[in-house]
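Since the structure comes first, as structure tokens, the remarks are kept for the end.
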Amino acid sequence: MADWAAHEGWNPGLGDPEAFRAADPEAFRVAELDGEVAATISLARHSDDFAFLGFYICRPDLRGRGIGYSLWQHAIELAGDRVIGLDGVADQEANCARSGFVRAGASSRWMGTLEAAPHPGIRAAEPGDLAALRALDAAAWGVRRDAFVEAWASPHPDRRTVLLADGSGWATARRCREGVKVGPIVAPTADAALALAAAALHALAPEGAAPLAIDLPDEAVELAARLAERGFAVTFATARMYRGTAPVLGPTAQAIASMELG
């Protein structure tokens with residue numbers, strides 16, 4: 001599924017499969033035709049109230065035959081009464097709307113370079129910080145996704161997580177098929193978000209990295225302006241859609257973790 005996502009240009013992280021699976025071991029589903037994978041999808045049930053849909057891909061030579069849509073319906077049934085979120089590509093937005101999803105904004109991928117730099121007010125996350133990170137994440141995004149945050153922020157060769165020493169924010173940098181992504185970023189200000197991004201990048205790759213991607217929700221207006229000032233540009237965007245009541249983002253929501261698991 002990660003290979004298919006890479007072929008679609010989504011540039012998944014090298015360590016994403018393990019962390020994604022930890023979020024919900026039953027999330028990942030495939031449809032088969034003649035013993036071969038024909039379509040993929042994930043429905044990560046982050047909590048009793050919220051799930052996130054991703055990895056919706058049908059093999060190009062089998063599109064238009066209803067295989068992907070059947071898998072889509074199966075995933076929605078798995079959600080039960082949960083609110084479902086997704087980041088939909090442009091050519092699927094109308095199809096999502098027909099299944100009851102309503103656009104609530106967008107997620108934009110900003111690409112550029114950022115100098116990797118440590119910061120005296122930022123330190124590496126430790127196992128004892130996980131409860132605080134879960135609470136900060138829930139306050140920022142309006143949903144609980146405890147298993148995902150714990151897996152995402154735990155030590156991994158291709159991921160590093162840092163947090164503000166005053167306990168007000170955190171960020172994760174991860175190596176991807178191409179370059180590095182930083183996300184989520186939870187921070188009280190855009191300047192703190194940039195400092196977290198630079199420190200997370202330094203923890204992962206002290207020499208810096210190009211390209212660097214940061215995926216922003218619409219609400220992160222000030223951080224978008226800061227990135228534009230530094231030469232970052234939007235290269236990709238999706239519609240953030242929900243089936244059910246959309247969660248309300250808090251003021252510390254700066255950059256999303258992924259377009260696959262939210």
Side-chain angles (χ1 to χ4, degrees), residues 1-2 5 10-24 27-28 42-47 50-55 83-88 104-111 125 129-130 132-156 158-164 169-177 179-187 193 196-197 199-201 203-204 212-220 223-224 227 236-238 240-242 246-247 249-250 252-262:
M1 291 172 73
W10 300 351
N11 192 25
L14 299 180
D16 285 4
E18 299 93 334
F20 285 4
R21 188 172 177 83
D24 181 352
F28 299 89
S42 66
L43 194 287
R45 291 158 291 193
H46 286 300
S47 70
F50 183 73
F52 202 87
L53 189 149
F55 282 102
V83 172
I84 308 173
L86 61 80
D87 276 306
S107 299
S108 302
R109 175 155 300 162
W110 289 76
M111 299 287 301
D129 297 315
L130 291 175
L133 298 185
R134 291 194 296 266
L136 287 167
D137 190 76
W141 307 107
V143 297
R144 296 221 56 113
R145 46 182 191 172
D146 292 350
F148 172 63
V149 170
E150 185 161 341
W152 199 249
S154 294
H156 187 280
D158 294 310
R159 275 194 311 276
R160 292 290 186 275
T161 296
V162 298
L163 74 158
L164 293 169
W170 66 285
T172 297
R174 74 194 198 274
R175 290 189 179 88
C176 297
R177 301 291 179 100
V180 170
K181 290 180 184 175
V182 178
I185 303 176
V186 175
L196 280 166
L201 181 59
L204 179 69
L212 173 67
I214 304 178
D215 296 336
L216 305 187
D218 278 350
E219 290 83 352
L223 182 53
L227 292 176
F236 184 74
T238 60
R240 175 56 67 98
M241 307 181 76
Y242 293 95
L249 272 60
T252 58
Q254 301 285 352
I256 67 171
S258 84
M259 293 183 178
E260 292 78 38
L261 257 71

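All values derive from a computational prediction rather than experimental measurement. Positions are given from 1, in the same order as the sequence printed here.
For Arg160 (side chain) and His156 (main-chain N/O), a donor-acceptor pair under 3.5 Å exists by modelled atom type. Side chain of Asp137 to main chain of Arg134: no donor-acceptor pair is present (N/O by atom type, distance under 3.5 Å, no hydrogens or angles). A distance-only check finds a donor-acceptor pair linking the side chain of Lys181 to the backbone of Asn11 [under 3.5 Å]. Proximity of a side-chain donor or acceptor of Ser42 to a complementary backbone N or O of Gly54 within less than 3.5 Å is detected.
The distance from atom CZ of Phe52 to atom CG of Leu43, rounded to the nearest 0.5 Å, is 10.5 Å. The distance from atom CG of Leu196 to atom CG of Leu201, rounded to the nearest 0.5 Å, is 12.5 Å. Annotation: the span from Asp218 atom CG to Ser108 atom OG amounts to 6.0 Å, rounded to 0.5 Å. Going from atom CG of Leu261 over to atom CZ of Phe55 covers 7.5 Å, rounded to the nearest 0.5 Å. Atom CZ in Arg159 sits 7.5 Å away from atom OG1 in Thr172 (nearest 0.5 Å). In this structure, CG on Leu86 lies 6.0 Å from CG on Leu53, to the nearest 0.5 angstrom.
Between Val162 and Ala203 the shortest heavy-atom distance is CG1-CB, 4.2 Å.
Using the six-membered ring where Trp is involved, Phe50 and His46 have ring planes that are parallel, under 30° apart on the 30 and 60° scheme.
At least one side-chain heavy atom of Phe236 sits under 4.5 Å from a side-chain heavy atom of Met259. A 4.5 Å side-chain heavy-atom check between Ile84 and Tyr242 finds every atom pair outside the cut-off. In this structure the side chain of Pro184 reaches within 4.5 angstrom of the side chain of Trp152, judged on heavy atoms. Within the 4.5 Å cutoff, the side chain of Ser258 has heavy atoms near those of the Phe20 side chain. Using a 4.5 Å heavy-atom threshold, the side chains of Trp141 and Pro217 count as touching. The closest side-chain heavy-atom distance from Leu130 to Val149 is not below 4.5 Å. Looking only at side-chain heavy atoms (C-beta outward), Thr238 and Trp10 stay at 4.5 Å or farther from each other. In this structure, the side chains of Leu216 and Ile256 stay at 4.5 Å or more apart for every pair of heavy atoms.
For the salt bridge (Lys or Arg N to Asp or Glu O under 4.0 Å) with Asp215, the qualifying choice from Arg109, Arg174, Arg240 is Arg109, the only one to do so.
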TODO: Kindly determine whether Leu212 and Val182 satisfy side chain to side chain contact (heavy atoms under 4.5 Å, CB included), including the steps that lead there.
DONE: CA-CA 8 Å; Leu212 173 67; Val182 178; 3.7 Å; yes
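For Arg21, the CZ atom sits in a loose shell: 12 or fewer heavy atoms of surrounding residues, nucleotides or ligands are nearer than 6.0 Å.
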